[in-house]
Amino acid sequence: MTAATTPAGRLLALGRAEATLLRRNRTAMFMALALPLVLVASMRSVLDAAAERTPGLDVNANLVVGSMGVVLLIVVYCNLTSAYTARRSDLVLKRLRTGEATDTEILLGTAVPSIGLALTQCLLLGVGGALLLDLPAPANPLLLVAGLALTVALLTALAALSSAVTRTVETAGITTLPLLLVAQLGSGLMLPLESLPDSVANVCRLLPTTPALQLLRIGWFGTDGSGPAEGFAGTPSTWSQGATPLLLAVLWTGVAAWAGHRWFRWEPRR
């Protein structure tokens, strides 16, 4: 059996082909590289204003973790929704289904470049935050990695689901806008949850994207981002704080994966 006929080989082959298409698409590259930076630059003033209303809010911590969330949303969710829609419209997905690759391999192979680019940007943001903003080392690396993995899996599934209601690439910006706004404003990226009224914050913590993104804060800072780190991976308080978001994130990811598989469209919408 050659490498190309193994699941890993097929994923890599599909990923390389998708990466080539991504590099040739200037709009997609702008969405993936420039737009997150523009949004990140605007977050500082929003967080500074929130800090005035919320004593003890760690602006730098929320800035870096919120920036990671914005990058993941745009590069994985928005960009991948457009990619799925474009490949479907060009009948690429339909032709791929006649080969050896399974449906899951086709969807994951298409997502590989976006996921790799998003994780690379998150790594650069993390290193830059640690060096330039004097942030502490991650309090719980395992929770941090779990948060990244679950966020990527959730957003990939949501991208597949969103593409099912997206007729053309041009309308992808409209169909992805509701979730993008809800996640930015309700999942603690632009407006930290601790700066919101308790009743509103409690509702926001149940949103699909919130639990996985909360794990990024808890995994790095040992708290929700409003205080300093409380210890390393074995600290019981870190695991206890992360238990509920972890369970909710797994639940929402499972629901999104089922829905995306159930309603994904392989042929162009008429």
Side-chain angles (χ1 to χ4, degrees), residues 1-23 25 28 31-32 71-122 145-169 172 175-176 179-180 183 208-209 211-213 215 246-269:
M1 180 179 292
T2 62
T5 62
T6 65
R10 291 192 291 269
L11 280 176
L12 290 176
L14 290 169
R16 285 195 296 268
E18 183 62 31
T20 300
L21 294 174
L22 179 61
R23 288 195 301 269
N25 190 327
M31 286 282 294
V71 165
L72 290 168
L73 277 169
I74 294 177
V75 180
V76 177
Y77 173 64
C78 295
N79 190 63
L80 195 50
T81 299
S82 298
Y84 284 144
T85 303
R87 306 301 167 258
R88 183 185 66 215
S89 298
D90 296 337
L91 301 180
V92 172
L93 299 180
K94 186 177 181 179
R95 288 195 295 270
L96 287 174
R97 296 187 85 192
T98 64
E100 294 182 345
T102 65
D103 289 354
T104 300
E105 289 170 356
I106 293 171
L107 294 178
L108 290 180
T110 305
V112 164
S114 296
I115 292 174
L117 182 58
L119 292 179
T120 300
Q121 289 178 282
C122 287
V145 171
L148 282 171
L150 286 169
T151 302
V152 166
L154 173 68
L155 295 178
T156 299
L158 290 174
L161 184 59
S162 295
S163 72
V165 297
T166 304
R167 187 175 298 274
T168 64
V169 175
T175 57
T176 57
L179 188 142
L180 185 63
T209 54
L213 294 172
L215 291 176
L246 182 61
L247 291 175
L248 286 174
V250 171
L251 176 61
W252 276 118
T253 301
V255 171
W258 174 84
H261 183 269
R262 170 67 177 78
W263 284 293
F264 186 79
R265 299 178 65 96
W266 295 93
E267 298 190 18
R269 290 177 59 88

Below 3.5 Å, can you tabulate the donor-acceptor pairs from side chains in residues 89-96 to any protein atom, sequence neighbours excluded?
| unit_1 | atom_1 | unit_2 | atom_2 | d |
| --- | --- | --- | --- | --- |
| Ser89 | OG | Thr85 | O | 2.9 |
| Arg95 | NH1 | Asp90 | O | 3.4 |

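Distance check: Leu215 CG to Leu248 CG gives 9.5 Å after rounding to the nearest 0.5 Å. Atoms CG and OG1, on Leu14 and Thr110 in that order, are 6.5 Å from each other to the nearest 0.5 Å. The CG atom of Leu117 sits 4.5 Å away from atom CD of Gln121, with the distance rounded to the nearest 0.5 Å. Between atom CG of residue Leu72 and atom CG of residue Leu119 there is a gap of 7.0 Å, rounded to the nearest 0.5 Å.
Looking at Arg87 and Glu18, their side chains come closer than 4.5 Å, going by heavy atoms from C-beta outward. Counting only heavy atoms from C-beta outward, the side chains of Leu158 and Thr176 never approach each other to under 4.5 Å. Looking at Leu246 and Leu150, their side chains come closer than 4.5 Å, going by heavy atoms from C-beta outward. In this structure, the side chains of Tyr84 and Leu107 come closer than 4.5 Å at one or more pairs of heavy atoms.
Between Gly15 and Pro113, the closest heavy-atom pair is O-CG, 3.3 Å. The shortest non-hydrogen separation linking Glu105 to Arg10 is OE1-NE, 2.8 Å. Nearest approach of Leu11 to Gly109, heavy atoms of both residues: CD2-N, 3.5 Å. Considering every non-hydrogen atom in both Leu155 and Tyr77, the closest pair reads O-CD1, 3.9 Å. Closest non-hydrogen pair, Thr151 versus Gly147, comes out as OG1-O, 2.6 Å. In plain terms, the two heavy atoms of Ala159 and Leu80 that are nearest each other are CB-CB, 3.9 Å.
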Exercise. Passes side chain to side chain contact (heavy atoms under 4.5 Å, CB included), Cys78 versus Leu180? Steps please.
Worked result: CA-CA 8 Å; Cys78 295; Leu180 185 63; 4.0 Å; yes

Exercise. Checking side chain to side chain contact (heavy atoms under 4.5 Å, CB included) for the pair Leu73/Leu179: CA distance, chi angles, key distance, verdict?
Worked result: CA-CA 9 Å; Leu73 277 169; Leu179 188 142; 4.1 Å; yes

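Counting only distance, with no hydrogens or angles, the side chain of Arg97 and the backbone of Trp266 share no donor-acceptor pair below 3.5 Å.
Between the side chains of Thr166 and Thr175, a donor-acceptor pair is found at a separation under 3.5 Å.
In this structure, Val112 has no side-chain contact (heavy atoms from CB on, under 4.5 Å) partners at least two apart in sequence or on a different chain.
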